[in-house]
Number of protein chains: 4
Amino acid sequence: MESTENEPAPAARRHHGNRHRRSEEARISVLQAVDGLLVEIGYARLTIEGIAQRAGVSKQTIYRWWSSKDELLMDAFSKDASDWMIPSDTGRLRDDLRAHAQRVAEFMANSDAGAVFRALLAQAQHDGDLAERLRSEFLVEQKTYERLPLEAALQRGELPQNADPDLLAAQVFGPIYYRVLVSGETVTPAFIDALVDLTLANTVASGSRPGS
Amino acid sequence: MESTENEPAPAARRHHGNRHRRSEEARISVLQAVDGLLVEIGYARLTIEGIAQRAGVSKQTIYRWWSSKDELLMDAFSKDASDWMIPSDTGRLRDDLRAHAQRVAEFMANSDAGAVFRALLAQAQHDGDLAERLRSEFLVEQKTYERLPLEAALQRGELPQNADPDLLAAQVFGPIYYRVLVSGETVTPAFIDALVDLTLANTVASGSRPGS
Amino acid sequence: MESTENEPAPAARRHHGNRHRRSEEARISVLQAVDGLLVEIGYARLTIEGIAQRAGVSKQTIYRWWSSKDELLMDAFSKDASDWMIPSDTGRLRDDLRAHAQRVAEFMANSDAGAVFRALLAQAQHDGDLAERLRSEFLVEQKTYERLPLEAALQRGELPQNADPDLLAAQVFGPIYYRVLVSGETVTPAFIDALVDLTLANTVASGSRPGS
Amino acid sequence: MESTENEPAPAARRHHGNRHRRSEEARISVLQAVDGLLVEIGYARLTIEGIAQRAGVSKQTIYRWWSSKDELLMDAFSKDASDWMIPSDTGRLRDDLRAHAQRVAEFMANSDAGAVFRALLAQAQHDGDLAERLRSEFLVEQKTYERLPLEAALQRGELPQNADPDLLAAQVFGPIYYRVLVSGETVTPAFIDALVDLTLANTVASGSRPGS
DNA sequence: TAGTAAGCGAGACGGTACGTCATGTCTTACT
DNA sequence: AGTAAGACATGACGTACCGTCTCGCTTACTA
């Protein structure tokens, strides 16, 4: 079975699937409470009771619809994440790569959605299931988009045939994630430019070799 | 009644360790308990009470010497981390870089110390102070070592004068951290080789450009 | 190797009993600390650590010389209690009884020593050993003094031969203790006078009968 | 919208006890645990954790409904105390007084409820609030009952008009409390008889005088 | 048009762990 | 030997949240 899964949106009240009448109001105010509290007090002090109170909702309602704090965060995150993913496509590899790298850096380091993402990534270090969900629901797609400009360029012949978009993307984006998640250094435009230039200089000169 | 009762006292060693005040015995058994429990039950279920019990130590003793669970982890980590840091130096850049990258990958993904490190990195996402400590006490040094083979090669003239060791290191190691911490992909020797080759291909051909 | 065991002080130093040289200074400052703290913060918040700190003494020193907090209180109490016990003796029963009753009431309700005594009596409810000590070291004597005016009067022929001083004392002093320890009513001179008058009226009229 | 909101009231009693919110089951098992533990291990070793465990209840539940160990004891005591209070009324003062004095002595010295009462009285020495509660919730009533036979006798003309029941009661019961709480002597029937006889001998002969 | 049952806010419940406090014992270094 | 200092194992404290569980209410769908 496969459903369109999108909110029908008009007035309506389709009562999709098996649920009878879940309160959309409650759902939304919970997710907003999560967003708000995460920014205001941080993940460490985020509690189900706090969320329930802030949302004006009973704990039971939260437990009815989400199985854990992390799943709640996943939901709150999905709501906001998609805006940041899609790369521009100007037809000029260098520009597209720079622009998307800049966008990813901005998302990771400075956006509210990025804050939630970092929290989730942190939890994923302790929780394999969450890690798996996070990957399948977000990272796979994210990675696809990071590869996109390179694959387009390959198609256009802007890169040598043997260039490996996966590997090239890793060399551009890996260091960005590292700075945000590990070293805490700010990701400057100059750093991004250098990464992109170095990566492209290389492939133009020699082609890239296959990765794992 | 009077008994000899005196330590024959060959050499010193009257009381184990350096106990002038603090019990070295307690300190060590706590850190070992942390290591053991972290591996056995994971960070999420690690409790101070559990550590105290396992170590045969009172909670108060833990709180007397460590201000938080994270600081405890930092200590437990420092104890083990240094083994993994120092790169080989054969005088051949490609080999040294591959070897050290392999070592870092092994540390991050498969060692006990790496498990503690990942847990700390996760906590550091929620706690700026911890992040700062982690950086100053470990990452700075770690990064220095990652740059070392490149700097040596630069010195030897194996790299162009304008090569930027920092940036090159970022392109080799960034993707490794990414795989371990974010995407969960295994870091294969082939992947490492590809990263190193691509990075060096570039610099030999064109020199690298300065980053931020 | 241990042998010489030099006595710094040759002859002398023997003095009291078996102890070598207990610090009188410490003993006194502990007892004073107990008095002070009991008045300032009350029994409920009196701690050995607090006493040690206030007295400038180590906990060990306290534990060396007193086996429990209550024993400490007993000591502190003995120091002050004796002042209150001895009745006047004017040769007029009614006056002597009134005066001593007044004195006992004052001691119980308003003196510092009385505060310690009430605290001890309270602890004695939970601790049979303390109760026993309190009785043998204080109450027996206290009771003797309460009987004294009556026995003197009996001797003088001021009371009938068959009067029971013990019982009469109980009827005068029992209600006073009751008011202080149980009902919390203040013990007024009028109440005392009434007690004494009623008790004596009785014995003059009829003689008293033997109690248990 | 507006609802009458009144309790239908008739049948009611749906779930055991009055549970609208609070669990009557928990309340009772806590109070029973207190009773049991107090008798078994004594006040000094009575802990909230012990009570919770014995009652099969969480600590939080205890703290939710009782603000302190002493308040808990008050509750446990109220439950049992009333049985002991009401004096017999045969119409013969001497008999009624003896019987009630005997009953009070039995309660104070030998009953379980009396053990709780003595513990409370002890705590009341250190805690003015508890003392106040104990007086208003128990002692006032207790004292009324102690006066009752005397007042009835006064009404019947069995006592002189100017007799003061309060004072007479004090002389009968004061010494009983003193023996139980202070001197530890057992309260024998002979002692009680002597107290009553002496007290009545007096009033019959001379009338009593007003106290404070 | 009433009855029924799901979702809901509220919050009590049995638990676990927290971080703190005081206990009584111990060791060390000093006098 | 007695002492001040203070680390130590122990155990209870009172608090914060956990996840589960009624309860009584409101509402939308059925019968």
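Residue numbers begin at 1 in each chain, while the letters A, B, ... track the order of the sequences.
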**OP:** Decide yes or no, distance alone: a donor-acceptor N/O pair under 3.5 angstrom between the base of dC21(F) and the side-chain of Gln60(A).
**Re:** yes
Subject >> Nucleotide dG9(E), atom P - distance to CZ of Arg27(A) in whole Å >> reply: 15 Å
Original post:
Between atom CD in Gln53(C) and atom P in dT3(F), what is the gap in whole Å?
Top reply: 19 Å
Subject >> Options dG24(E), dG19(E), dG7(E), nucleotide nearest the side-chain atoms of Ser23(A) >> reply: dG7(E)
Original post:
Does Glu49(C) or Thr61(A) map to a spot on DNA chain E nearer the 5' end, using the closest nucleotide for each?
Top reply: Thr61(A)
**OP:** In sequence, state the C-alpha distance, the side-chain angles, and the governing distance for Leu31(D) and Trp66(D), and then conclude on side-chain contact (heavy atoms from CB on, under 4.5 Å).
**Re:** CA-CA 11 Å; Leu31(D) 294 180; Trp66(D) 293 278; 4.0 Å; yes
Subject >> Nearest-Å distance for atom pair CZ/P, residues Arg54(B) and dA17(E) >> reply: 15 Å
**OP:** Measure the distance from OH on Tyr63(C) to P on dT3(F) and round it to the nearest whole Å.
**Re:** 16 Å
Original post:
Taking all atoms of both residues into account, what is the closest heavy-atom pair of Ile62(A) and Ile48(A), and its distance?
Top reply: CD1-O, 4.0 Å
Subject >> Under 3.5 Å side-chain donor-acceptor pair for Gln125(A) and Tyr43(B) >> reply: no
Subject >> Ala26(B) vs Ala55(C), nearer the 5' end of DNA chain F by closest nucleotide >> reply: Ala55(C)
Original post:
Can you find a side chain N or O atom of Ser58(B) that sits less than 4.0 Å from OP1 or OP2 on dA9(F)?
Top reply: yes
Original post:
With a 4.0 Å cut-off, would you call Lys79(B) and Asp35(B) a salt bridge?
Top reply: yes
**OP:** Take atom NZ of Lys69(A) and atom P of dA16(F), then tell me their distance rounded to the nearest Å.
**Re:** 16 Å
Original post:
In whole angstroms, how far is the C1' atom of dT15(F) from the CD1 atom of Ile62(D)?
Top reply: 14 Å
**OP:** Can you check whether any acceptor in the base of dG24(E) is under 3.5 Å from a donor in the side chain of Lys59(C), or vice versa?
**Re:** yes
**OP:** Mind calculating the distance between CD (Glu25(B)) and P (dC26(E)) to the nearest angstrom?
**Re:** 16 Å
**OP:** Locate the shortest heavy-atom distance separating Ala124(D) from Leu134(D); write the atom from each residue and the value.
**Re:** CB-CD2, 4.3 Å
Original post:
Taking only N and O in the side chain of Trp65(D), is any of them less than 4.0 Å away from OP1 or OP2 of dC13(E)?
Top reply: yes
Subject >> Atom-pair distance (CD1 on Ile51(C); C1' on dA4(F)), nearest Å >> reply: 17 Å
**OP:** Map Thr47(C) and Arg64(D) onto DNA chain E by nearest heavy atom, then report which one ends up closer to the 5' terminus.
**Re:** Arg64(D)
Original post:
Under 4.0 angstrom, heavy atoms only, what part of the nucleic acid is Gly50(A) near: base, sugar-phosphate, or nothing?
Top reply: nothing
